[in-house]
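Reading through the structure tokens given below for one structure.
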There are 2 protein chains.
Amino acid sequence: MMIAPSDTQQLAAWLKVLAEPRRLQILNLLMEGVQCNCELGDYLDMAPNLISHHLSVLRKAGLVDVERDAVDARWIYYSLNRAAFATLNTAFGTFFDPARIQPRRTVCGPQDGVILADTIRVTSR
Amino acid sequence: MMIAPSDTQQLAAWLKVLAEPRRLQILNLLMEGVQCNCELGDYLDMAPNLISHHLSVLRKAGLVDVERDAVDARWIYYSLNRAAFATLNTAFGTFFDPARIQPRRTVCGPQDGVILADTIRVTSR
DNA sequence: AAAGAAGTTCAATGACCGTTGAATTATATC
DNA sequence: GATATAATTCAACGGTCATTGAACTTCTTT
């Protein structure tokens, strides 16, 4: 399977949102059913405005949904978008699939066209 | 399944290496068997020193291996580390698994302890 | 030994973005 | 209406890091 450059751009954008320790922690807590700003703050020892910021980024990426409390509208609840996680998971699984790795071939250099075995991993360099 | 905070730190470090469009493009080309700096430069229209930099980052992350040409040692060949990609792939698959998402529960707020259904996705806000 | 070639390292620049504290909004209670 | 609460928005700061051009290293060829 071949992956187009445009897909790598899309994938990179998604990875960029996820490549943040605190955002991953937030996602991890949301996975467990935790959902309001204040509680996330208690668990992660973060200021509410910072949590707001990260949740905003996650929301714009389509990973997180928002809902106000029906009884007291001051509370805002966050939850994960299952569909987004499903597509995300398959996209990662496809791109980083080890089975997708083709045997190496030299196209430039002196050994042009030779198919080579996997590189032996060396300690130094 | 519950994922520890330490794992999220590790995962974030990995994601940070991957969250770069040009690095993803390089990985994608390496997947297809391309391997020397010069050739990567031709495909991606990047300066060789920049490719060197990104390859160095990927190498330090353990995703890429290096080997000198046996005939002409000026050429240096890069390849993907299959083992690293295998563990990477399973780590992602585990963390972002939609099946891991627990039902939401209110622990703070007026509806304390209530189990709620998935949030209905709304267009605005 | 000198010239050329493949690649890396170095130093400097600039942009992006996480973080912080303060101000603001929206809602509920007294 | 006034006060309190949950959360967001704003402005400013600072660090990280991709990018660039130049210098350097290593190896080959003549």
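Numbers restart at 1 for each chain; the letters A, B, ... are given by sequence-line order, proteins then strands. Note that these values count all heavy atoms, side chains included, but never hydrogens, waters or copies made by symmetry.
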Minimum heavy-atom separation for A/Gln25 and B/Thr8, please, with both atom names.
CG-OG1, 3.7 Å
A/Asn37 CG - D/dT5 C1' separation (whole Å)
12 Å
With no hydrogens and no angle check, just 3.5 Å: does a side-chain donor-acceptor pair link B/Arg100 and A/Asn28?
yes
Between D/dT28 (P) and B/Ile76 (CD1): distance, integer Å
12 Å
Per nearest nucleotide of DNA chain D, the residue lying toward the 5' end, A/Pro48 or A/Arg74, is A/Arg74
Measure from CH2 on A/Trp75 to P on D/dT5 and round the result to the nearest Å.
10 Å
Do A/Arg22 and A/Leu50 have side chains that approach each other closer than 4.5 Å (heavy atoms only, starting at C-beta)?
yes
Distance, rounded to the nearest Å, where B/Glu39 contributes CD and C/dA6 contributes P
13 Å
Starting from P on C/dG18, measure out to CG on A/Leu55 and report it in whole angstrom.
13 Å
So which nucleotide from C/dA28, D/dA7, C/dG7 ends up closest to the side chain of A/Asp72?
C/dA28
How close do B/Gly93 and A/Asn89 get, heavy atom to heavy atom, and via which atoms?
CA-OD1, 3.6 Å
Kindly assign one of parallel, tilted or perpendicular to the pair B/Phe96 and A/Phe85, based on the angle between their ring planes and the thresholds 30° and 60°.
tilted
Using side-chain heavy atoms (C-beta onward) and a distance below 4.5 Å, is B/Leu18 in contact with A/Phe95?
no
Rounded to whole Å, the CG-C1' distance (A/Leu44 to C/dT19) equals 15 Å
Can you tell me the distance, in whole Å, between the OH atom of A/Tyr77 and the P atom of D/dA7?
8 Å
Report each atom pair, protein N/O against N/O of nucleotides 16-22 of chain D, whose distance is under 3.5 angstrom.
residue : atom : partner : partner atom : Å
D/dC17  : OP1  : B/Lys16 : NZ           : 3.1
D/dA18  : OP1  : B/Arg23 : NH2          : 2.7
D/dA18  : OP2  : B/His53 : NE2          : 3.1
D/dT19  : OP1  : B/Arg22 : NH1          : 2.7
D/dT19  : OP2  : B/His54 : NE2          : 2.7
D/dG21  : N7   : B/Asn49 : ND2          : 3.0
D/dG21  : O6   : B/Asn49 : ND2          : 2.9
D/dA22  : N6   : B/Asn49 : ND2          : 3.4

Find the distance B/Arg68:CZ to D/dC27:P and express it as a whole number of Å.
6 Å
